[in-house]
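These notes concern the structure reproduced below.
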Amino acid sequence: MLDFLKPNKENNIVEENTQNLKRNLKEDIKILKQRFNVPTNVDFVGREIYNKQLQKKVFVCFLKGMVNTDQIMNHIIHPLIKDDTTIKDIKEHNLNVEDLIMGKNLKKISDIKKISESILKGYTIVIVDGEKQALSYETTRFEHRAIGKPVRENVIKGPQEAFVESIQMNKSLIRKQLRSENLVSESLDIGVRSTSSVTMMYVRDIVDPELIEETKKRINEINSESVQSIEILEQHLEDRSYSIVPSFLYTERPDVANAFLMEGHIILLMDSSSDCLVLPVTFWSIFHTAEDMYQRWPYGNFLRVIRMLAILFASLTPALYIAITQFHQEMMPPDLLLAITATRERVPFPALIEVLLMELSFEILREAGVRVPTPLGTTIGIIGALILGQAAVQANVVSPILVIIIALTGLSSYAIQDNSLNFMVRISRYGFLLLASIFGSFGIAIGITIAVSYLATFKSFGVPFFAPLSPHYKSSGDTEFRKPIWKQWLRPQHVFPKDDVRRQPVKRSGDEND
């Protein structure tokens, strides 16, 4: 690399990034067309118009497929070509081109690079000959699917709306439920080669200002060519990239996002993503479901007990099987021990290999079930039942008791709704399995100690993962169990909300009879 070339190259980049309009329409049109590879790029639309009132040439440009063409024709093109305003009126009232156009969200831009970025976002640019600033009007319209039911977070009681791939539609779903003048929506740009916008929403009079600044800082520090979706953004912003513990809640439900906004959390939205990110999160955030709150409090708590058992079963059942059958046979009743020993008599593999074979087969079956086209789903189910069921037992590859254990483990993992928590449990299961095969139940105890110790040190945007239980913070009492809804008058203190209290507690009539 020749060093003397480097300054020139850097200077060229700086010059390109800070290039302003030339105040000469022909030169500006030429620069824009070069940037958008016209005439090769047929999506770039540019129209030169002579406006009689202003007696100037005007250039209107946009990208096909990203704009509302009816809006452009009715509110931008038509006012420029019609002739119902006299030159006398224009001179008397000192009218400009922005007074003739009725477009929305007008911005004035002089930097060529920012003009290009606006066009890429679906804005329409109007350049007037001799003017040093172009006019940018919001005319964005992308095709997207209609609002449908949630796919991953189904509830029996409660709203049946889910986010879609349009950020405007998603913001409207949030504002439909949370009608507050303090609900703020900020937009931040990320990406160098392909620019995307991240929308950060929060309730100004509740959220901690330091949390807002920390979120903005992390977004602005992203140095990537492009960030295409909220799922990629999550990986840029997470606290520990090599950890299996999630730093965000990933939800497709507007009502869940609203509930977190009212507690003092921040949500992030992006175009082309049918989910949003909630930050910061704790274990209880990803453990809870919307169904818990929509059911009466005894029913909701019952669901939480079932889900907690499901997490324990999904994490520890295969490890306990290995520990008891290999190290602690005296813990089992003699009849059960003889039955298990009899069924394993003809199995040629050690218990650990037997469990790993079944676990890996189940994971492959699960992955195939997700990737396979819907019409073939039944076939996958039949093949899976044959592999993991009677055929495997008859071939003496596995014992019948292990089929029951793997089936219980698999069903328990399906009861964990959050996808990130599900992966965390599934991966940690292999760690417990390894420790149990070496040390028996003592190894499981070691694994639980290590896991709890690690989770106690984990933080999401500065908030401890086990808060508000450890360390202790005041909260609404909605952690492992929840109180009746009217008793949850305090906001969780571990997110440091500006306003601690939702409403003052009141004495309700009829409580004496409880």
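Screening Lys483, Arg307, Arg482, Lys157 for a salt bridge (charged side-chain N to carboxylate O under 4.0 Å, His left out) with Asp292, the sole residue that qualifies is Arg307. Shown are Lys176, Arg253, Lys149; of these, the side-chain hydrogen bond (donor to acceptor under 3.5 Å, both in side chains) with Glu161 is made only by Lys176. The one candidate from Asp189, Thr140, Asp271 that meets the side-chain hydrogen bond (donor to acceptor under 3.5 Å, both in side chains) condition with Lys121 is Asp189.
Side-chain contact between Met262 and Asn258 is absent, with no heavy-atom pair separated by less than 4.5 Å. Here the side chains of Leu279 and Phe260 are not in contact, with every heavy-atom distance at 4.5 Å or above. Leu233 is listed as a side-chain neighbour of Leu268, based on a closest heavy-atom distance under 4.5 Å. With contacts defined as side-chain heavy-atom distances shorter than 4.5 Å, the pair Leu320/Phe313 does not qualify. Residues Gln228 and Ser273 form no side-chain contact, since every pair of their non-hydrogen atoms from C-beta on lies 4.5 Å or further apart. You'll find the side chain of Ile230 reaches within 4.5 Å of the side chain of Tyr250, heavy atoms only.
When the shell of 6.0 Å around CZ of Arg240 is examined, it contains more than 12 heavy atoms from other residues, nucleotides or ligands. Remark: Lys498 NZ is packed, more than 12 non-hydrogen atoms of other residues, nucleotides or ligands lying under 6.0 Å away.
If you check the side chains of Glu354 and Ser399, you find a donor sitting under 3.5 Å from an acceptor. A donor-acceptor pair shorter than 3.5 Å cannot be found between the side chains of Tyr414 and Asn422. Of the N and O atoms on the side chains of Glu231 and Ser229, at least one donor lies less than 3.5 Å from an acceptor on the other residue. At a cut-off of 3.5 Å, with distance as the only test, no side-chain donor of Thr409 or Ser412 sits close to an acceptor on the other residue. Between the side chains of His494 and Ser475, not a single donor N or O lies within less than 3.5 Å of an accepting N or O. With hydrogens and angles left out, the side-chain atoms of Ser274 and Glu252 include no donor and acceptor closer than 3.5 Å. In this structure, a donor-acceptor pair under 3.5 Å is present between the side chains of Ser413 and Arg366. Counting only N and O atoms by type, the side chains of Glu186 and Tyr202 include a donor and acceptor under 3.5 Å apart.
Between Phe465 and Phe283, the ring planes lie perpendicular to each other; the angle is over 60°, past the 30° to 60° tilted range.
Under a cutoff of 6.0 Å and an axis angle of 45°, Arg426 and Phe423 form a cation-pi pair. For the pair Arg218 and Phe461, the cation sits on the ring face: its NZ or CZ lies under 6.0 Å from the ring centre, inside 45° of the axis.
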task = Show your reasoning for whether side-chain hydrogen bond (donor to acceptor under 3.5 Å, both in side chains) applies to Tyr123 and Asn105.
result = CA-CA 10 Å; Tyr123 284 60; Asn105 292 339; 5.4 Å; no

inquiry  = side chain to side chain contact (heavy atoms under 4.5 Å, CB included) for Leu277 and Ile267? Distances and angles first, verdict last.
reply    = CA-CA 5 Å; Leu277 294 178; Ile267 66 169; over 6 Å; no

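Between Ile167 and Leu269, the closest heavy-atom pair is CD1-O, 3.8 Å.
A salt bridge links Arg429 and Glu359; the closest N-O separation between the charged side-chain nitrogens and carboxylate oxygens is under 4.0 Å. Of the charged side-chain nitrogens involved, none lies within less than 4.0 Å of a carboxylate oxygen, so that Lys459 and Asp239 do not count as a salt-bridged pair.
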